[in-house]
Amino acid sequence: MVTSPNPTQIVYPDSDGKPMADNTRQFRWITTIKSNLDWLFANDADVFVAGDLLWYPVEGDNKTRQAPDVMVAFGRPKGERGSYQQWKENNIPPQVVFEILSPGNTQTEMTRKLLFYDRYGVEEYYIYNPDKNDLGGCIRQENRLESLENLDNWVSPRLGIRFQLAQPELLLYYPDGQPFTSYNEERQRAETERQRAERLAAKLRELNINPEEI
């Protein structure tokens, strides 16, 4: 007689032993998308954004899993996790998934990922190849993921962000029209704002005005 394994005795590893990225360009894109989505939903306590986190959709099965480059789960609280165990997340799957391709990705691997995301409830799936500047995507229609024909100026129904096919790279925009920025660009912008504030404070002091009292 075959008995089902006891879920309480099963270990769900936090790592699959694979690197997050194969090269600097892929890593830059993963971190850029993830960090900008963090900023976009920073004030929404019930939107969970993660990068390279193992997702286990089935309780009792630690072999069925996938680690999307970036995933977004609406209706789930922010917080630290070793993995996304769906049965502990009110059985809510990540609704949006991004994969950033590298030369090491095979067609068989990407087909397997598509089938996984299709089967386990992803609503929007975006695949970007930064080496070829090629963007693909799928959206769930009639309970299955269907390919999107044209992604130029496409607006994600869930995220509200806009994709623009440009050269030499894809451009992404916030719902308010502001472009996504990389970590270095955001740091430079913050530094520019800091310097501007310091100059303004110095000018106010020259006029015998205490900027801290304004």
Side-chain angles (χ1 to χ4, degrees), residues 10-37 48-73 81-86 89 93-152 154 156-159 161 163-172 180 182-183:
I10 294 177
V11 175
Y12 302 91
D14 292 348
S15 172
D16 58 6
K18 299 177 182 179
M20 177 178 176
D22 292 340
N23 55 56
T24 56
R25 180 177 290 167
Q26 185 189 26
F27 181 79
R28 173 170 60 84
W29 270 100
I30 293 171
T31 55
T32 294
I33 292 173
K34 198 270 182 184
S35 60
N36 279 271
L37 292 178
F48 174 66
V49 181
D52 196 41
L53 184 72
L54 279 173
W55 164 22
Y56 293 94
V58 181
E59 184 175 11
D61 181 357
N62 63 3
K63 303 299 183 184
T64 300
R65 63 190 187 182
Q66 198 59 252
D69 287 333
V70 181
M71 68 181 192
V72 185
R81 292 164 172 79
S83 62
Y84 191 88
Q85 298 175 31
Q86 189 171 314
E89 306 286 352
Q95 294 96 344
V96 185
V97 162
F98 291 82
E99 291 286 356
I100 308 301
L101 299 186
S102 72
N105 291 123
T106 65
Q107 184 62 49
T108 299
E109 175 189 5
M110 299 314 297
T111 298
R112 186 169 61 248
K113 288 185 177 184
L114 173 59
L115 292 174
F116 180 98
Y117 298 143
D118 183 49
R119 179 175 182 180
Y120 292 110
V122 169
E123 297 176 10
E124 300 177 40
Y125 176 33
Y126 301 105
I127 315 143
Y128 182 56
N129 185 334
D131 292 324
K132 297 181 178 180
N133 191 27
D134 183 54
L135 176 68
C138 299
I139 191 165
R140 186 165 293 275
Q141 295 179 339
E142 297 182 358
N143 205 33
R144 62 176 297 177
L145 287 174
E146 299 285 356
S147 295
L148 290 165
E149 295 298 326
N150 184 8
L151 281 162
D152 191 24
W154 168 261
S156 160
R158 274 285 190 175
L159 305 176
I161 65 173
F163 299 78
Q164 182 181 343
L165 304 179
Q167 294 295 334
E169 292 185 315
L170 171 71
L171 298 176
L172 296 171
F180 275 28
S182 68
Y183 170 77

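The figures that follow rest on heavy atoms only: side chains count, while hydrogens, waters and symmetry mates do not. For the single chain, residues carry numbers from 1 onward in sequence order.
Among all heavy-atom pairs drawn from Trp29 and Pro130, the shortest one is CD1-CB, 3.7 Å. The two atoms that bring Leu151 and Gly137 nearest to each other are CD1-N, 3.4 Å, heavy atoms only. When all heavy atoms of Ala166 and Asn133 are compared, the closest pair comes out as O-ND2, 2.7 Å. Taking each heavy atom of Pro93 and Gly121 in turn, the nearest pair found is CG-O, 4.0 Å. Of all non-hydrogen atoms in Leu145 and Arg140, the two that sit nearest each other are CD2-N, 3.7 Å.
Scored by the side chain to side chain donor-acceptor pair (under 3.5 Å) test, Arg119 finds no partners at all (sequence neighbours excluded). Applying the side chain to side chain contact (heavy atoms under 4.5 Å, CB included) criterion to Thr108, with sequence neighbours excluded, gives Thr106, Arg112. Tyr120 meets the side chain to side chain contact (heavy atoms under 4.5 Å, CB included) test with Trp55, Pro57, Val58, Thr64, Phe116; sequence neighbours excluded. With sequence neighbours excluded, the residues satisfying side chain to side chain contact (heavy atoms under 4.5 Å, CB included) with Arg65 are Pro13, Asp16, Leu54, Tyr56. Looking at residues two or more places apart in sequence or on another chain, you find no side chain to side chain donor-acceptor pair (under 3.5 Å) involving Gln167. Remark: Asn36 engages Tyr174 in a side chain to side chain donor-acceptor pair (under 3.5 Å) (not counting sequence neighbours). Residues forming a side chain to side chain donor-acceptor pair (under 3.5 Å) with Glu123 (at least two apart in sequence, or on another chain): Arg158. Qualifying side chain to side chain contact (heavy atoms under 4.5 Å, CB included) partners for Leu165, counting only residues two or more places apart in sequence or in other chains: Leu135, Asp152, Leu170.
Look at Glu146 and Arg144 and you find a salt bridge, because one of the NZ, NE, NH1 or NH2 atoms lies within 4.0 Å of a carboxylate O, short of that distance.
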Return a table of donor-acceptor pairs under 3.5 angstrom between the side chains of residues 95-102 and protein atoms on other chains or two or more places apart.
| unit_1 | atom_1 | unit_2 | atom_2 | d |
| --- | --- | --- | --- | --- |
| Gln95 | OE1 | Phe74 | N | 2.6 |
| Gln95 | NE2 | Phe74 | O | 3.1 |
| Glu99 | OE1 | Lys113 | NZ | 3.3 |
| Glu99 | OE2 | Tyr117 | OH | 2.6 |
| Ser102 | OG | Asp22 | OD2 | 2.6 |
| Ser102 | OG | Gly104 | N | 3.3 |
| Ser102 | OG | Asn105 | OD1 | 3.4 |

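Counting only heavy atoms from C-beta outward, the side chains of Phe48 and Met71 approach each other to under 4.5 Å. Within the 4.5 Å cutoff, the side chain of Ile30 has no heavy atoms near those of the Asp52 side chain. No side-chain heavy atom of Val122 sits under 4.5 Å from any side-chain heavy atom of Cys138. Residues Phe163 and Leu171 have side chains not in contact (no heavy-atom distance under 4.5 Å, counting atoms from C-beta outward). Counting only heavy atoms from C-beta outward, the side chains of Tyr126 and Leu172 never approach each other to under 4.5 Å.
Residue pairs meeting the salt bridge (charged side-chain N to carboxylate O under 4.0 Å, His left out) criterion with at least one member in residues 124-139, sequence neighbours excluded: Arg25-Asp131. For the salt bridge (charged side-chain N to carboxylate O under 4.0 Å, His left out) condition, the pairs that include at least one residue of residues 27-37, sequence neighbours left out, are Arg28-Glu169, Lys34-Asp38.
Remark: the backbone N or O of Gly60 is paired with a side-chain donor or acceptor of Tyr12 at under 3.5 angstrom.
With values rounded to the nearest 0.5 angstrom, Leu53 atom CG is found 12.0 Å from Asp69 atom CG. Here the straight-line distance linking atom CD of Gln66 with atom CG of Leu114 works out to 11.0 Å at 0.5 Å rounding.
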